Trainee: 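The following block contains the structure, expressed as structure tokens.
Since the structure is predicted, the reported quantities are computational estimates derived from the model, not experimental observations.
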Amino acid sequence: MQPTKTTPRTNLLTRKAGLQEQCRIQEQKLEKDFAYLREHSGGLLLSGLSGLLSSGPKTAPSPTRPSAASGQSPPLRLADVLSIGKEMLPVAWEIAQPFLITWSIQKIKRWIQKPKNQPPKT
């Protein structure tokens, strides 16, 4: 039996076929991941927000606390609510700015364009 010689062209063709197969497998994985994200985007968003709101110092649960033993989280204290509000204030301001600017521009336009001969409203 004679050993078969592989030419550089056949080496490139086999390598190309292998790379195409790897690309096809990777595309299938990405399609699967994107399908999961599309189906569960609402739940993922809500869980991310709830994780943000409930984030705090992580401590080991003490066995003496009844709420930790039953699996319930402790109720929010006023300090927790205030710290959440403090963290969310820059985001709320970024959201509110365009609305406030639009509203104030409209008010200024109405004030400037107000007819001068109109009798005051009673």
Trainee: Considering residues at least two apart in sequence or located in another chain, which fulfil the salt bridge (Lys or Arg N to Asp or Glu O under 4.0 Å) criterion with Glu27?
Mentor: none

Trainee: At what distance, to the nearest 0.5 angstrom, does CG of Leu13 lie from OG1 of Thr6?
Mentor: 11.5 Å

Trainee: Is atom CZ of Arg9 surrounded by more than 12 heavy atoms (other residues, nucleotides or ligands) closer than 6.0 Å?
Mentor: no

Trainee: Just how far is it from atom CD1 of Ile25 to atom CG of Leu30, taken to the nearest 0.5 Å?
Mentor: 12.5 Å

Trainee: Enter the distance from Arg38:CZ to Asp33:CG here, rounded to the nearest 0.5 Å.
Mentor: 10.5 Å

Trainee: Step by step, work out the side-chain contact (heavy atoms from CB on, under 4.5 Å) result for Asn11 and Arg15.
Mentor: CA-CA 6 Å; Asn11 285 342; Arg15 186 170 178 196; over 6 Å; no

Trainee: Is there side-chain contact between Trp111 and Lys107, with at least one heavy-atom pair below 4.5 Å?
Mentor: no

Trainee: How long is the gap from CD on Gln28 to CD on Gln26, to the nearest 0.5 Å?
Mentor: 10.0 Å

Trainee: So how far is it from Gln106 CD to Thr102 OG1, rounded to the nearest 0.5 Å?
Mentor: 6.5 Å

Trainee: Between Ile101 and Trp93, is there shared hydrophobic-cluster membership here, with clusters defined by ILVMFWY side-chain heavy atoms closer than 4.5 Å?
Mentor: no

